[in-house]
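Everything below concerns the one structure shown next.
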Number of protein chains: 2
Amino acid sequence: MKSNSTTIKDIAYLLDISASTVSRALNNHHEVSPKTRQAVLKAAKKLNYQPNALAIGLVKNRTNTLGVLMPDITQPFYSSAISGIEYVAVERGYYVLICQSDESYQKEMDLVSMLNKYRIDGLIICPATTTARYQHLREVNKTTPLVQFDRVVEKIESHKVVSNDYQGAYEVVTHLLQCGYQRIAHIAGPKQLSISKNRKRGYLDALKNARRSVEEQYICTCTLAQDHMRGCTEMLLDLPYPPDAIFAVNDPTALEVMYVAKQRKLAIPEDIAIVGFDDQSLTSYLNPSLTTVSQPSFAMGQTAAEMLIAQIESNAKVLFEKKVFNTSLVIRDSSQKS
Amino acid sequence: MKSNSTTIKDIAYLLDISASTVSRALNNHHEVSPKTRQAVLKAAKKLNYQPNALAIGLVKNRTNTLGVLMPDITQPFYSSAISGIEYVAVERGYYVLICQSDESYQKEMDLVSMLNKYRIDGLIICPATTTARYQHLREVNKTTPLVQFDRVVEKIESHKVVSNDYQGAYEVVTHLLQCGYQRIAHIAGPKQLSISKNRKRGYLDALKNARRSVEEQYICTCTLAQDHMRGCTEMLLDLPYPPDAIFAVNDPTALEVMYVAKQRKLAIPEDIAIVGFDDQSLTSYLNPSLTTVSQPSFAMGQTAAEMLIAQIESNAKVLFEKKVFNTSLVIRDSSQKS
DNA sequence: TTGTAGGCGTTATCAT
DNA sequence: ATGATAACGCCTACAA
């Protein structure tokens, strides 16, 4: 079935020259006569020659391939980041293998292992929510250039690309306070995620700096499973003094908050303000449109790919960098008391 | 950097046996003593041995890898299909390489070529909107099992997985007629796409069978570029007798229709009904929520993967099948005159 | 049961 | 400028 692919040997045989010459001609080695080069290229086209990437990877110990492992490629933040990665990769002559962990620790480990078997030249990874142990990352990091993306493990030394979650959250809360909201709740993400920690810290500091008290009952930690998003929302709304604003750790959660609030016939933003984080594409179409925090996901992906390729192609010891991208608050109808 | 990976030779050396024995032990060949097998497995674990997929692929001429090429992985229909593909692939011991063409013909060809270089065992592809020539598919189809997904080229002989676009569209129009809409417009997709043709055919037949006249002015063909979606909508709404219902070829287009309609302060569904196709996840959150046609994308992905793997693993000549999945109309607020 | 040898397709190092 | 040879890591007849 797959046997009819032509190799450099076929070309060599056809032209009655050696395989090495064919190889050189194909790779633009300077030490080959223009005449034979022409002949080789012509024959290659005629025989529809396709180089075997496996063989090349084997001998060169380089595959020109980047692995990308994201929790969920359907989320616009990640898919947009992937586009950014691809953009740079293609430009620089690299292939991209995309995988998704579905937020599963086990799947994440399996995929890291499979990418490793394929001898990718580098890996960009955003760990799953359920990932709390990082041995697999440490292991990969020993042998393969690694860029941690969005959700990062500080202790693991590698390039890191994140957005300024702290600042973004801080601005959200400040905005809500300015709008006159009094009881601002926060649905936080899983504790082990860096983004959860930083967004929560921004929330707390904004309250403190405004000399507001922080009430534990208004903070709930969500697994980010859809059921639990709703559960958290209901818990908050069932409090004796329910919050009049909810800042959700991300847009999918904010959508669930909105869903529950609508079911309860709460007016948004009059009875309750809702704010998300990510700026997913459809959030502006919602009714009311969702206030959220926009992250430069495409640029973040580009930067991750650039850092990774730079590390791959560098012979010197690299100094690991952490690039922090600024976010911007997008104020829409879900948080504007009129 | 990547040189410290252990090979079967290292294991062989450590145990003072031959590499072939190590290979056999690792691959559960029956002709190897339990004792050596144990020793090999133990050494492999100790040395953190990872088989080199490139080398295996080279010698076996099989990579256990499926290529998946979709126009846009951010669209829920495709990402959900990909999940279905992955589900089956993992179960059957295959890897999945995901690529997106960004609806670009050139990128599609480049990616097909790169997947080919990697000697994937099979390919599931949904061509880009801009793809009007299919030589690259024919070429791949000669040497690699191929499944055409969603958008298919009938003339190319291979397995095909599609949904019943005709029926879906037919039901949409029938529903709109029952609701009393009189001037039902259709924003169709690019002419070369099978889904465009079939949905348009469903639209036309539903009108004809209801003895309604078909007016060309109510049909416009869209490139599916965002600008053009809006342009088409505006053209329709600017007609002397504008439509009172618009059936868009897919959900992203329906969203743009909704956007323009809202800008013009049209009441939905009173002034105008809007219906999409795909059932993207957020469409139920919109206001008004969007009537659309749901497709079993996950199951379609599963089926595509199953057909592909069956073909890969079959020695006999395969009889190509076309699996058509039924759709279901999801009636929401954007089409319900009260 | 185990070892030897050859080969998968390509590149790199020597010669020539 | 070109050719022969070895090597990349692994598998698989064949031989022992």
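This is a predicted model, so every value here is computed, not measured. Reminder, nothing fancy here: chain letters follow the sequence lines and each chain counts from 1. For the numbers below, each heavy atom of this structure counts, side chains included, while hydrogens, waters and symmetry mates do not.
A/Ile8 comes within 4.0 angstrom of a base, heavy atoms only. Here B/Leu54 lies out of heavy-atom contact (under 4.0 Å) with every strand.
Contact annotation: A/His29 does not reach the phosphate of C/dT11 (side-chain N/O to OP1 or OP2, under 4.0 Å). Applying the 4.0 Å criterion to OP1 and OP2 of D/dT12, one finds that B/Ser20 has every side-chain N and O outside that range. The phosphate of D/dC10 (OP1 or OP2) has a side-chain N or O of B/Tyr49 nearer than 4.0 angstrom. Phosphate contact (OP1/OP2 of C/dT1, side-chain N/O of B/Lys35, threshold under 4.0 Å): absent. A close approach under 4.0 Å does not occur between any side-chain nitrogen or oxygen of B/Ser33 and OP1 or OP2 of C/dT1. The phosphate of D/dC8 has neither OP1 nor OP2 within less than 4.0 Å of any side-chain N or O from B/Asn52. Between A/Ser18 and D/dG3, a side-chain N or O to OP1/OP2 separation shorter than 4.0 Å is present.
Minimum atom distance to the side chain of B/Ile17 is reached by C/dG3, of the listed D/dG9, C/dG3, C/dA12. Of the candidates D/dT2, D/dC11, C/dG9, the closest approach to any side-chain atom of B/Ile56 belongs to D/dC11. With D/dG3, D/dT12, C/dT10 as the candidates, the nucleotide lying closest to the side chain of A/Val59 is C/dT10. Listed nucleotides D/dG9, D/dT2, C/dT10 differ in distance to A/Val32; the shortest reach to its side chain belongs to D/dT2.
Heavy atoms only, all atoms of each residue included: B/Ala44 and B/Leu26 are closest at CB-CD1, 4.3 Å. What you find for B/Leu137 and B/Pro127 is that their closest heavy atoms are CD1-CG, 4.4 Å. For the pair A/Tyr78 and A/Asp72, the tightest heavy-atom approach, listed with the atom from each and the gap, is CD1-O, 3.4 Å.
Partner of A/Ser101 under the side chain to side chain contact (heavy atoms under 4.5 Å, CB included) criterion, out of A/Thr129, A/Leu69, A/Ile125: A/Leu69 alone.
A distance of 9.0 Å separates CZ in A/Phe325 from OG in A/Ser163, rounded to the nearest 0.5 Å.
The separation between A/Tyr13 atom OH and D/dG3 atom C1' is 18 Å, rounded to whole Å. The distance between atom CG of B/Leu26 and atom P of D/dC10, rounded to the nearest whole Å, is 9 Å. A/Glu31 has its CD atom 12 Å from the C1' atom of C/dC14, to the nearest Å. For the pair A/Arg37 CZ and D/dT2 C1', the interatomic distance rounds to 13 Å; values are reported in whole Å. A/Lys60 places its NZ atom 22 Å from the P atom of D/dA6, with the value rounded to the nearest Å. The distance between atom NZ of B/Lys117 and atom P of C/dT10, rounded to the nearest whole Å, is 12 Å. Between the OH atom of B/Tyr118 and the C1' atom of C/dG9 there is a distance of 14 Å, given to the nearest Å. Across the protein-nucleic acid pair, A/Leu58 atom CG and D/dC8 atom P stand 9 Å apart, rounded to whole Å.
Taking 4.0 Å as the cut-off between side-chain N and carboxylate O, B/Glu86 and A/Lys107 count as a salt-bridged pair. With respect to B/Arg151 and B/Glu103, a salt bridge is recorded, a charged nitrogen being found less than 4.0 Å from a carboxylate O. Under the 4.0 Å criterion applied to side-chain N and carboxylate O atoms, A/Arg92 and A/Glu306 are not assigned as salt-bridge partners.
If you look at A/Tyr118 and B/Tyr95, their ring centroids are closer than 6.0 Å. Here the two rings, on B/His136 and B/Tyr105, have centers that are under 6.0 Å apart.
Where B/Thr21 and A/Lys9 meet DNA chain C, the nucleotide closest to each residue was compared, and B/Thr21 sits on the side nearer the 5' end.
End-to-end axis angle of the helix from C/dT1-D/dA16 to C/dT16-D/dA1, using five pairs per end and rounding to 10°, comes to 50°.
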Can you check nucleotides 14-16 of chain D for protein contacts, nitrogen or oxygen pairs under 3.5 Å, and list what you find?
none

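Under the 3.5 Å distance criterion, the side-chain polar atoms of B/Gln302 are left unmatched by any main-chain donor or acceptor of B/Val88.
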